[in-house]
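Below, read A as the first sequence line, B as the second, and so on, with proteins coming before strands; counting in each chain starts at 1.
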There are 2 protein chains.
Amino acid sequence: MRSLTRLLAVLPRKLDADLVRETRLSATDYFVLVHVSEAPDRRMRMTDLAGGAAMSMSGISRVVDRLQKIGLVERERSPDDGRGWDAVLTGAGLQELQDAWVAHLASARAHVFDHLGEVDLDSVADAFERIADPERPSE
Amino acid sequence: MRSLTRLLAVLPRKLDADLVRETRLSATDYFVLVHVSEAPDRRMRMTDLAGGAAMSMSGISRVVDRLQKIGLVERERSPDDGRGWDAVLTGAGLQELQDAWVAHLASARAHVFDHLGEVDLDSVADAFERIADPERPSE
DNA sequence: ACATGTTAGTTGCTTGAGCAAGCACCAACT
DNA sequence: AGTTGGTGCTTGCTCAAGCAACTAACATGT
């Protein structure tokens, strides 16, 4: 437990620092972009985005502000609901996300996977998912 | 990896929320107090505290401000170095820390350990320590 | 059709944390 | 002793994120 709490404090900062150094994206920006990029048509409702990125609506709203300002996403009215907005990944956004993906993968490898040792990845990943989303037992 | 990043986003908030609900301490406050309580004489230099809690000096300085304001620690001049300050746990601090410890343990059990399944705790803890402090291979 | 309630998203305010600049003290050389 | 450089801690500023309050649009009952 002790080691877990330390991990929770240290690792996010390392990953974020690497990403910020290599790209102009924060870890938050990056994960939001990843979610958008994986949605059909590379577009996603703000609310779903908030759920996916485990952030509040206001948080997402401001992240999308930033990303829009630097041209990586656009806001478009939701076709089926006049209140809703979709965040839509632009070409530049896709390009920049791919670059960031490379950087992030290298960083993750260096900080995490190189230290794993004899850990059983599958069972740990399962456990992590249960911890993060306990109400959804194993969908 | 995906599951790990989600864990890093979600778990700290859960643990912190539980602690804040049950006590008047944030997770940061709690971990700082734990470190102080484990030091000899329940006193610890600010710098060491910063290292232990994986925070910046300015961060620690403000946490100790808070804790001092509510009477859980005192600041005392370091005996051997006129620049240094020790954070010293008070009786009230010890008491309140113990209460928080109980709450935190229950919370950790509910959120984490109940979901672990067939994970080998020892190897995972080792791996986490290596990830958090890679320069200290296994002290 | 209209009034009421509910949901999607944004904005004002506050809080917590880091960086950089500053201050106080130590250490080492002359 | 005096100066010069390095260390320990605090403080001003900035930024990211959440909550609460608000607006706009849907949905439902009459």
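- Contacts of B:D126 classified as salt bridge (charged side-chain N to carboxylate O under 4.0 Å, His left out), with partners at least two apart in sequence or in another chain: none.
- Pairs of residues two or more places apart, or lying in two chains, that qualify as side chain to side chain donor-acceptor pair (under 3.5 Å) and include a residue from residues 97-108 of chain A are A:D18-A:S107, A:Q95-A:D99.
- In the region residues 38-56 of chain B, proximity to DNA chain D at under 4.0 angstrom, judged on heavy atoms, holds for B:R45, B:M46, B:T47.
- Residue pairs meeting the side chain to side chain donor-acceptor pair (under 3.5 Å) criterion with at least one partner in residues 46-57 of chain B, sequence neighbours excluded, are B:S56-B:S58.
- Within a heavy-atom distance below 4.0 Å of DNA chain D, the residues of residues 81-88 of chain A found are A:D81, A:G82, A:R83.
- Protein chain B contacts DNA chain C from C:dA17 to C:dC26, reading 5' to 3' and using non-hydrogen atoms of the protein with a distance under 4.0 Å.
- Considering only residues two or more places apart in sequence or on other chains, B:R2 meets the salt bridge (charged side-chain N to carboxylate O under 4.0 Å, His left out) condition with A:E38.
- Residues from residues 9-32 of chain B with heavy atoms under 4.0 angstrom of DNA chain C, sorted by number: B:T28.
- In this structure, A:R109 has no salt bridge (charged side-chain N to carboxylate O under 4.0 Å, His left out) partners at least two apart in sequence or on a different chain.
- In this view, A:T28 satisfies the side-chain hydrogen bond (donor to acceptor under 3.5 Å, both in side chains) rule with no residue, not counting sequence neighbours.
- Partners of B:Q68 by side-chain hydrogen bond (donor to acceptor under 3.5 Å, both in side chains), not counting sequence neighbours, listed by chain and number: B:R75.
- Using a 4.0 Å cutoff on non-hydrogen atoms, the parts of residues 59-77 of chain B near DNA chain D are B:S61, B:R62, B:R75, ordered by number.
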